[in-house]
There are 2 protein chains.
Amino acid sequence: MGGLTETATHEGHVGAVDLEPRPVADVTTVLQALGDPMRLAIIGSLDRSDGARPCGAFDLPVTKATLSHHFRVLREAGIIQQRCEGTRRMTTLRRAELDAVYPGLLDSILRAPRS
Amino acid sequence: MGGLTETATHEGHVGAVDLEPRPVADVTTVLQALGDPMRLAIIGSLDRSDGARPCGAFDLPVTKATLSHHFRVLREAGIIQQRCEGTRRMTTLRRAELDAVYPGLLDSILRAPRS
DNA sequence: CCCATCGTTTGACATCCATCGAACTATTCT
DNA sequence: AGAATAGTTCGATGGATGTCAAACGATGGG
């Protein structure tokens, strides 16, 4: 049923393993990763809600396979981070790491006029 | 403003026809245009020398045809501007227009660690 | 007038990329 | 255990994209 608001308070549950947190990639890779409408929508959605979100929480007109591909691109560029939590993959924006390597880049992109 | 808004370097030079100055494109297009090593090198080179430069002045390991292609992509994204001057095409970075639409974007990219 | 210079356009080619459906894995719920 | 849920991985496919060589157009110098 609609049992949300789970917050994973079940102890003894050790499934929360961090998924390969890669270093932030070079500029071209990051720009290429962000130069896609779907991925930019993902990033914008992540930015507006400052918590970890499962993949299914992004309302995008693509299949799960395609969504998984985009998450991989963003993850390998070091832009996002994913953490397994039960059957979900909680995604967070690696804002601090991004800001450290490319100061102002993410801000200027997120502040860009959404079309 | 930066005070860089000069529209007429040499007055009355007949052949100096402006080449379709397009408006700055949407974020994805701009990011995609900048998300390429060659084009990023072009932009960086343009940034370091704050004058108009002919296409041949960019020392890049590609043929003229490929270079022309990259210039077109940048031009159509509204990032650069080209002006015919005799047989040369003087290229300038449209910094003011870019900054107006996406404040801080170009700066953060140009300030990024060059690899 | 001829020709060298500068850059574009075209056609071709290989590669990458976004997308999908289907099969698979892992976890949770009944 | 069995079913349901959440994502991944694996081809496959159609569409961009970066690259080149060759042909072309415009401009300026002998």
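Labels below follow one simple rule: chain letters A, B, ... track the order of the sequence lines, proteins then strands, and each chain is numbered from 1. What you are looking at is a predicted structure, and each value in this text was computed from that prediction instead of being measured.
Per the geometry, CD belonging to B/Gln82 stands 9 Å off C1' belonging to C/dG7, to the nearest Å. In this structure, B/Met90 atom CE and C/dT8 atom C1' are separated by 18 Å, rounded to whole Å. Atom P of nucleotide D/dA16 and atom CG of B/Leu31 are separated by 19 Å, given to the nearest angstrom. To the nearest angstrom, P of C/dT10 lies 19 Å from NZ of B/Lys64. Atom CZ in B/Arg53 sits roughly 16 Å away from atom C1' in C/dG7 (whole-Å rounding). Here the P atom of nucleotide D/dG7 and the CZ atom of A/Phe58 are 9 Å apart, to the nearest Å. If you measure from atom CG of B/Leu67 to atom C1' of D/dA21, you get 16 Å, rounded to the nearest angstrom.
For C/dC6, the OP1/OP2 oxygens have no side-chain nitrogen or oxygen of B/Thr87 closer than 4.0 Å. A sub-4.0 Å separation between OP1 or OP2 of C/dT5 and a side-chain N or O of B/Arg88 is absent. Phosphate contact (OP1/OP2 of C/dT9, side-chain N/O of B/Arg72, threshold under 4.0 Å): present.
For B/Phe58, the ring pair (Phe, Tyr, Trp, His ring centres under 6.0 Å) partners are B/Phe71, not counting sequence neighbours. Among residues two or more places apart in sequence or in another chain, the salt bridge (Lys or Arg N to Asp or Glu O under 4.0 Å) test is passed with B/Arg95 by B/Asp47, B/Asp107.
Using a distance-only test at 3.5 Å, with no hydrogens or angles considered, a donor-acceptor pair links the side chain of A/Arg53 to the main chain of A/Ala57. The backbone N or O of A/Val27 sits less than 3.5 Å from a side-chain atom of A/Tyr102, completing a donor-acceptor pair.
Of the N and O atoms on the side chains of B/Gln82 and B/Arg75, at least one donor lies less than 3.5 Å from an acceptor on the other residue.
Taken from CD1 in B/Ile42 to CG in B/Leu67, the straight-line distance is 5.0 Å, to the nearest 0.5 Å.
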Summarise protein proximity over nucleotides 16-22 of chain C in one line of letters, 5' to 3': B for base, S for sugar-phosphate only, - for none, counting protein heavy atoms closer than 4.0 Å. -SSBBB-
